[in-house]
There are 2 protein chains.
Amino acid sequence: MPQTEISRLSAPTPQTASDQIFQVLYAAVISLELPPGLKISENEIAKQMNVSRQPVRDAFYRLSKLGFLLVRPQRAAQITKISEQAVLDAVFLRTAIEVECLRAAMEQITDRDVESLRANLAKQDMALKDPDPAVFHKLDESLHEKLCAISGHPHAWVLIQEQKAHMDRIRFLTLSKERRVSVLEEHTNLVEAIEKRDAGLAQVTLRSHLSQVRRDLTRIQKEFPDYFLG
Amino acid sequence: MPQTEISRLSAPTPQTASDQIFQVLYAAVISLELPPGLKISENEIAKQMNVSRQPVRDAFYRLSKLGFLLVRPQRAAQITKISEQAVLDAVFLRTAIEVECLRAAMEQITDRDVESLRANLAKQDMALKDPDPAVFHKLDESLHEKLCAISGHPHAWVLIQEQKAHMDRIRFLTLSKERRVSVLEEHTNLVEAIEKRDAGLAQVTLRSHLSQVRRDLTRIQKEFPDYFLG
DNA sequence: CGAATCAAACTAGTATGCAAGTTGATAAGT
DNA sequence: ACTTATCAACTTGCATACTAGTTTGATTCG
């Protein structure tokens, strides 16, 4: 998930130290390895990563602009607590973008595209048996990305990913086999609606799928109150 | 237009030198005062602004992440040329978000809200007489922002603004009294559809309004080829 | 024993210097 | 005249030092 920012315009530029640090920190925040509320300092990370403060500072800045790190002058930077509002906002925006992609996709989707979606579903079914949840997750992402590609708006995936990131910390708290099974079910329903060329049904199914996080949110918020704002 | 980035989570933090430089540069890029393709260096700006390279460097970095500055190691930073694709992408994304806001707004809009939209239109009509185009532009933005607020998703405005920025350089090349008149017309049609509680018509009207940039794009691209990529 | 005080240890913002690489003009060679 | 080689003047990435402000915890006073 490194390319979360709007770098589609910038030509291939070498991987800087700042980039690497950003990626490491980003992954750590999303996976809750760095728990919400934790205070970290540029110096501290710099020592751990064996670089100077400068590239760490750059990475901190990027994280702060994504909303995952609160950095204020002369104060320790702090992993942002999960904001219920921010999650709901992310769901709304992701839905807005992805529904529009679906809408565009339905107007031009080919049998070949549907086949490709079905192939992904088959892989997801296989992945259910894999003990590593990441395998399924990758395919999950891939399906949604494929939808953007089919719509002719692959760039939309960048923004969707950005919003998705705000939902991911919740997802990491709801990891379970049962959840993956029901996600696959929802994916299957979506692809079937698309296959039937039923744009209305497809849209309703997609909206419902993306709204699932909302239902999780309340439960998780009670279960891990320390991770949340307020 | 300073708050273009995702800083909704960060608490009120003092204005740093880096912030100020960013704002100045951002405005200059959007208004084409710094034309696409121009090469600028950290040192150069630092001298002009009478600060060290560090805050300039931070500002450069922010601009690059927004897609307005191409910065590569050991090479002069360059104001990005306008990419036709990037503009089309921005139109698509802005439309996606704003249509979803409209959709949500139509489900709960009150007479008072409509009144507030109408009041804005009246001000726009007055602003047509103002020699300064910025007055009209402010009200234009305000109308769209109000729509987000009514929908209960004020945060969406942040993302819309971000996408809008990619369309603004085009807008600055199409500034004219006639254009403002027709924009007001489109705004009026939109508000009237909303007032009639005709969600379908309102959506079509909004889509058409936002698509206007597409029509300008081809013309402008021929008129100012130097500003464009390729 | 609790509350106020103050200093030491932190924090990030900024300034500056060096290193590594690009660029463009000039000079040399054909 | 044209190509090629060279080199000086740039560029940004990173390291380090310094500044100003916050935090924290021990100490002192009530």
Side-chain angles (χ1 to χ4, degrees), chain A residues 2 5 7 9-26 29 34 36-81, chain B residues 2 5-7 9-26 29 34-81:
Chain A
E5 300 184 339
S7 52
L9 289 180
S10 42
T13 163
Q15 181 93 336
T16 66
S18 168
D19 289 333
Q20 294 177 29
I21 293 163
F22 171 79
Q23 286 169 23
V24 170
L25 291 179
Y26 180 85
V29 170
L34 290 175
L38 182 69
K39 288 181 180 174
I40 59 180
S41 86
E42 294 178 356
N43 256 324
E44 178 190 347
I45 303 294
K47 277 178 197 161
Q48 278 183 35
M49 305 265 192
N50 214 33
V51 294
S52 81
R53 262 184 60 215
Q54 190 58 47
V56 177
R57 176 179 163 75
D58 289 349
F60 271 35
Y61 190 79
R62 295 159 79 167
L63 283 171
S64 83
K65 281 306 158 191
L66 291 175
F68 291 119
L69 191 62
L70 180 60
V71 25
R72 292 170 295 181
Q74 281 78 47
R75 294 179 196 207
Q78 188 175 20
I79 313 291
T80 54
K81 298 213 171 187
Chain B
E5 301 183 341
I6 307 177
S7 53
L9 289 181
S10 42
T13 162
Q15 180 92 337
T16 67
S18 169
D19 289 333
Q20 293 176 31
I21 293 163
F22 171 78
Q23 286 169 24
V24 170
L25 290 179
Y26 180 85
V29 170
L34 290 175
L38 182 70
K39 288 180 180 174
I40 59 180
S41 85
E42 295 177 356
N43 255 325
E44 178 190 348
I45 303 294
K47 278 177 196 162
Q48 277 182 36
M49 305 264 192
N50 215 33
V51 295
S52 81
R53 262 183 59 212
Q54 190 58 46
V56 177
R57 175 180 161 76
D58 289 350
F60 271 35
Y61 193 78
R62 294 157 81 167
L63 282 172
S64 83
K65 282 305 157 191
L66 290 175
F68 291 118
L69 191 63
L70 179 60
V71 24
R72 291 169 296 182
Q74 283 78 48
R75 294 182 196 205
Q78 188 175 21
I79 312 290
T80 55
K81 297 213 172 189

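All chains are named by letter (A, B, ...) in the order of the sequence lines, taking the proteins before the strands, and each is independently numbered beginning at 1.
- Between the side chain of R53(B) and the base of dG13(D), a donor-acceptor pair under 3.5 Å is found.
- K39(B) has its NZ atom 7 Å from the P atom of dT23(C), to the nearest Å.
- If you measure from atom NZ of K47(B) to atom P of dA15(C), you get 15 Å, rounded to the nearest angstrom.
- The backbone N or O of G37(A) sits less than 3.5 Å from a side-chain atom of Q78(A), completing a donor-acceptor pair.
- A distance of 10.0 Å separates CD of E42(B) from CD1 of I45(B), quoted to the nearest 0.5 Å.
- The backbone N or O of P55(B) lies less than 3.5 Å from no partner atom in the side chain of D58(B), so there is not a single donor-acceptor pair.
- Phosphate contact (OP1/OP2 of dT11(C), side-chain N/O of S41(A), threshold under 4.0 Å): present.
- To the nearest 0.5 angstrom, F22(A) atom CZ is 5.0 Å from L63(A) atom CG.
- Taking atom CG of L70(A) as the reference point, atom C1' of dT22(D) lies 14 Å away to the nearest angstrom.
- Between the CZ atom of F60(A) and the C1' atom of dC14(D) there is a distance of 17 Å, given to the nearest Å.
- Comparing A17(A) and R75(A) by the nucleotide of DNA chain D whose heavy atom lies nearest to each, the residue mapping closer to the 5' end is A17(A).
- For the pair R57(B) CZ and dG17(C) P, the computed distance is 17 Å after rounding to whole Å.
- Interface remark: the Q74(B) side chain does form a donor-acceptor pair with the dT12(D) base, using a distance-only criterion of under 3.5 Å.
- Two residues, I40(B) and Q54(B), neighbour DNA chain D, and the one matched to the more 5' nucleotide by heavy-atom proximity is I40(B).
- In the set dT22(D), dT14(C), dG13(D), dT14(C) carries the atom at the smallest distance from any side-chain atom of P55(B).
- Taking atom CG of residue D58(A) and atom C1' of nucleotide dA15(D), one finds them 13 Å apart after rounding to whole Å.
- Phosphate contact (OP1/OP2 of dT16(D), side-chain N/O of S52(A), threshold under 4.0 Å): absent.
- With rounding to whole Å, D19(B) atom CG is found 13 Å from dT14(C) atom C1'.
- We find that CD of E42(A) is positioned 21 Å from P of dA9(C), with the value rounded to whole Å.
- Inspection of the R62(A) and Y61(B) side chains reveals an N or O donor paired with an N or O acceptor under 3.5 Å.
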